[in-house]
Amino acid sequence: MTGSRVLGSGSALPARVVTNAQLAEKVDTSHDWIVERTGIHQRYIAGEGETTATLATDAARAALADAGVDASDIDLIVLATATPDNTFPATATKVQHALGCHGGIAFDVAAVCSGFLYALTTADSLLKTGSAKRALVIGAETFSRILDWEDRTTCVLFGDGAGAVVLEAADPLGAGLPGAAGIIASRLHADGAQHDLLYVDGGPSTTQTVGHLRMKGREVFRHAVVNLSGVLGEVIEDAGISASDIDWIVPHQANKRILDATAKKLGIPPEKVIVTVDQHANTSAASVPLAFDVARKDGRIKSGDLVMFEAMGGGFTWGASLVRM
Ligand code: ACO
């Protein structure tokens with residue numbers, strides 16, 4: 001096979017919505033500060049019985065239904081998360097069992113907010129080499145469980161959720177031809193030198209605790225715009241297109257100001273940028289597939305559209321992927 005194409009998508013959110021006003025009752029913040037600095041109005045927070053695996057399973061079921069694919073036909077699950085149910089085994093194996101599929105490949109990918117881009121590119125590569133035929137690529141997180149709820153500089157920014165896509169190894173006759181549906185080009189990057197700007201201060205091998213998210217927000221912001229516009233430029237060049245050919249950008253939903261600044265740098269009009277950060281806040285690896293699913297289901301992203309995914313997260317890690325629907 002020479003490519004892979006997207007057959008369907010799905011998403012899942014916890015039942016409980018927490019507004020900025022509700023947060024302001026617990027920490028020293030305000031609705032206006034959060035909206036002005038981030039564009040966030042509310043976030044979904046997982047409750048009892050809701051975990052990364054349950055959200056991922058719900059999103060995967062919705063994606064399978066949308067794609068018209070039976071769970072038993074899935075032979076690869078790549079799940080991006082920084083908040084797994086357990087240190088091991090991989091949350092992907094829990095999802096595999098819950099869906100009722102057996103024996104295929106299932107593993108987690110840890111690239112934080114760019115996890116979905118890493119997972120998508122990994123699945124695309126495995127499909128191209130013939131290691132699998134049909135994949136579920138999932139981004140799922142419960143960041144509410146690693147937040148320091150007394151730190152107003154971070155706890156207002158994140159939410160929980162999951163998104164998933166079904167990918168299928170593409171017909172070699174169609175893939176690669178102009179206008180053919182499928183993943184056209186992807187680029188991934190990492191720079192471990194920036195570890196201390198965004199990290200969790202715990203882990204099994206260091207503190208034997210889960211730890212809490214720590215971030216130097218202003219510096220992350222600066223790197224995000226530079227790294228994202230750089231990788232978008234690379235993918236545009238690899239694909240041999242110009243920025244104006246892109247129908248939709250589906251960015252990682254960290255902050256409305258990062259979305260606006262990155263699109264402006266590339267000369268992409270704001271109406272082509274899918275924005276869900278106002279409703280979901282930053283759901284890390286889940287944010288790109290969640291936003292993608294919202295825009296497909298509301299009819300904005302259609303068959304034949306050229307869609308660019310992009311994300312950056314802790315590590316730093318960052319990447320972009322261009323897909324013809
Ligand atoms: N409510 C009220 N005031 C606050 C809050 C809050 N929740 N948080 C911080 N402040 C205060 C600060 O204490 C500071 O007060 P001071 O001037 O008296 O010291 C003031 O607001 C300004 O703080 P800054 O950190 O300079 O504010 P900034 O304009 O940089 O906005 C923010 C902060 C929103 C975190 C921004 O830097 C940002 O979005 N950075 C990107 C980080 C990000 O999105 N990370 C997600 C993970 S990585 C990724 O996904 C790309």
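Read the numbers this way: they start at 1 and go in the same order the structure lists the ligands and their atoms.
Protein heavy atoms all stay at least 4.0 Å away from atom 32 (C) of ligand 1. Per-atom contact check: atom 16 (P) of ligand 1 does not touch the protein, criterion being a heavy-atom distance below 4.0 Å. Remark: atom 7 (N) of ligand 1 lies closer than 4.0 Å to at least one protein heavy atom. Counting only heavy atoms, the protein gets under 4.0 Å from atom 1 (N) of ligand 1. There is a protein heavy atom less than 4.0 angstrom from atom 29 (O) of ligand 1.
By the 3.5 Å distance cut-off applied to N or O atoms, T29 is counted among the residues near ligand 1.
In this structure the side chain of I274 never reaches within 4.5 angstrom of the side chain of V294, judged on heavy atoms. Between F316 and V112, every side-chain heavy-atom pair lies at or beyond the 4.5 Å cut-off.
Using a 4.0 Å cut-off between a side-chain N of Lys or Arg and a carboxylate O of Asp or Glu, R214 and D148 qualify as a salt bridge. Of the charged side-chain nitrogens involved, at least one lies within less than 4.0 Å of a carboxylate oxygen, so that D293 and K297 count as a salt-bridged pair. Salt-bridge check for D75 with K133: failed, with every basic side-chain N at 4.0 Å or more from each acidic carboxylate O.
Ranking the protein heavy atoms by distance from atom 9 (C) of ligand 1 puts W33 CZ2, 3.5 Å first. With respect to atom 26 (O) of ligand 1, the closest heavy atom belonging to the protein is R218 NH2, 2.8 Å. Among protein heavy atoms, atom 35 (C) of ligand 1 sits closest to L157 CD1, 3.9 Å. Scanning the protein for heavy atoms near atom 49 (C) of ligand 1, the closest one is M312 O, 3.4 Å. Closest to atom 14 (C) of ligand 1 among all protein heavy atoms lies R152 NH2, 4.8 Å. The closest protein non-hydrogen atom to atom 45 (N) of ligand 1 is M215 SD, 3.0 Å. Closest protein heavy atom to atom 46 (C) of ligand 1: N282 ND2, 3.2 Å. For atom 40 (N) of ligand 1, the closest non-hydrogen atom of the protein is G217 O, 2.9 Å.
The shortest non-hydrogen separation linking T142 to L55 is CG2-CD1, 3.9 Å.
Closest heavy-atom approach to atom 36 (C) of ligand 1 within the set L197, V277, V156, N255: this belongs to N255. Here the shortest heavy-atom distance to atom 23 (O) of ligand 1, taken over R257, K216, R37, belongs to R37.
The parts of T153 lying near ligand 1 are both backbone and side chain, judged by heavy-atom distances below 4.0 Å.
Between the side chain of R134 and the main chain of V166, no donor-acceptor pair closer than 3.5 Å is present.
Counted within 6.0 Å of NZ on K272, heavy atoms from surrounding residues, nucleotides or ligands total more than 12; the atom is thus considered enclosed.
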Worked verdict on T83 versus E141 for side chain to side chain donor-acceptor pair (under 3.5 Å): CA-CA 6 Å; T83 47; E141 303 277 17; 2.6 Å; yes

